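Written out below as structure tokens is the structure these notes cover.
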Amino acid sequence: MRIALNLKGISYRYIPVSSLETGEYHRLNPQGLLPALHIGDHVVPQSSAILSYIEERYPDPSLLPDDPALRAQARGFAAHIASEMHSLTVQRVRHFLRDKLGDSEAEVKQWVLHWLGLGFTALEETLAQRQIQSPFCFGDRPGWADLHLIPQMSNARRLGHDLSPYPLLLSVEQRCVVLDAFRSARPEAQPDFPKPDDLA
Ligand SMILES: N[C@@H](CCC(=O)N[C@@H](CS)C(=O)NCC(=O)O)C(=O)O
């Protein structure tokens, strides 16, 4: 969501959940997950819904290719990341496997690497099969697919997944991470990201 807002040049206020009173975030967003977008009297949960809102409300510059087929492909690429990779490897799933099902750390890692491996392999093949090769996933500038891909690659690295088998994904990442829209959206760049002293 932050990358999308940055790419479109829309200013926003980042409110850390930790700055709210206990229970306040759940009252605003009963799903309880991050992020949520607060617009006037409305709170919108789920990144996919938030991104659709941002794209519809602020169509220029578009995050999607002009061509309807490419547009659908970009959405499909992003949906694969959100549904088939992120949701299966997110912290609450890993903790459930470990704390409720009694899986060892090694088994949890096996689960994570399995789903990430399947996902990234499919994404790499998708980029290889593009009829027109482009510097970003589906065009000459970063958009819908890229803003899903880059955070998922960071997560995967943190979870111990080797990304070297995916040269096309890595080349897109190299082009994105130097851009301010991506740099300033990183969790590490947010005011509530734990400082080294907090982790000690
Ligand atoms: N499908 C949701 C996933 C949201 C999600 O899992 N967010 C994580 C942070 S990246 C979260 O809220 N984790 C807290 C938790 O699992 O309780 C979306 O795309 O917005």
Side-chain angles (χ1 to χ4, degrees), residues 1-8 10 12-39 42-58 63-64 74-101 103 105 108-109 111-116 118-120 122-123 137 142-161 163 173 176-177 181-194 198-199:
M1 168 175 106
R2 292 190 296 271
I3 302 171
L5 291 166
N6 293 343
L7 287 171
K8 284 177 177 282
I10 302 164
Y12 59 93
R13 189 155 64 98
Y14 175 88
I15 304 177
V17 173
S18 56
S19 70
L20 302 177
E21 298 200 354
T22 308
E24 175 72 357
Y25 186 67
H26 193 86
R27 193 184 62 72
L28 290 166
N29 174 14
Q31 295 184 13
L33 303 175
L34 300 169
L37 182 66
H38 199 171
I39 325 154
H42 305 281
V43 175
V44 182
Q46 291 291 341
S47 304
S48 55
I50 294 168
L51 289 171
S52 295
Y53 169 82
I54 293 170
E55 179 67 13
E56 287 165 16
R57 173 74 181 75
Y58 303 97
L63 298 170
L64 290 157
R75 287 187 190 276
F77 188 96
H80 192 70
I81 295 168
S83 305
E84 316 298 335
M85 298 171 73
H86 181 264
S87 61
L88 290 171
T89 55
V90 76
Q91 188 184 60
R92 61 187 176 283
V93 170
R94 301 196 312 272
H95 285 185
F96 183 82
L97 292 170
R98 188 191 64 192
D99 301 338
K100 301 287 183 197
L101 300 186
D103 286 358
E105 292 293 345
V108 174
K109 186 163 182 180
W111 165 279
V112 165
L113 299 189
H114 172 74
W115 297 113
L116 291 179
L118 282 182
F120 282 122
L123 297 175
C137 288
W144 197 273
D146 311 274
L147 68 86
H148 283 80
L149 176 64
I150 303 314
Q152 188 61 53
M153 291 180 77
S154 301
N155 283 344
R157 222 174 252 118
R158 195 170 39 77
L159 293 168
H161 189 66
L163 295 175
E173 184 188 36
C176 288
V177 294
F182 286 81
R183 287 167 64 88
S184 60
R186 288 174 307 137
E188 296 84 343
Q190 309 316 308
D192 58 338
F193 189 79
D198 300 337
L199 298 171

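In listed order, ligands and their atoms are each counted from 1. All of these numbers come straight from a predicted model, not from anything done at the bench.
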Q) How about Asn6 and Ser184: does a side-chain donor come under 3.5 Å of a side-chain acceptor? A) yes

Q.
For atom 7 (N) of ligand 1, what's the nearest protein heavy-atom neighbour? Residue, atom name and distance, please.
A. Leu34 O, 2.8 Å

Q | Glu55 with Arg75: basic N within carboxylate O range, under 4.0 Å | A | no

Q) So which protein heavy atom does atom 13 (N) of ligand 1 come closest to, and at what separation? A) Arg92 NH1, 3.8 Å

Q) Within a strict 4.5 Å, meaning less than it, do heavy atoms of the Leu149 and Leu123 side chains meet? A) yes

Q. Could a heavy atom of Gln91 be found less than 4.0 Å from some atom of ligand 1?
A. no

Q | Contact check, side chains of Arg57 and Ile10, non-hydrogen atoms, under 4.5 Å | A | no

**Q.** N/O separation below 3.5 Å, Leu33 to ligand 1
**A.** no

Q | Enclosure of Glu188 CD (heavy-atom neighbours >12, cutoff 6.0 Å) | A | yes

(Q) Heavy-atom distances under 4.0 Å decide this one: backbone, side chain, both or neither, for His86 against ligand 1? (A) side chain

Q: Give, for atom CD of Gln46 and atom CG of Leu51, the distance between the pair rounded to the nearest 0.5 Å.
A: 11.0 Å

Q.
Between ligand 1 and Ser47, is the shortest N or O to N or O distance under 3.5 Å?
A. yes

Q. Val90 heavy atoms, cut-off 4.0 Å: which ligand 1 atoms fall inside?
A. 6 (O)

Q: Tell me which protein heavy atom sits closest to atom 18 (C) of ligand 1, plus the residue, atom name and distance to 0.1 Å.
A: Gln46 OE1, 3.2 Å

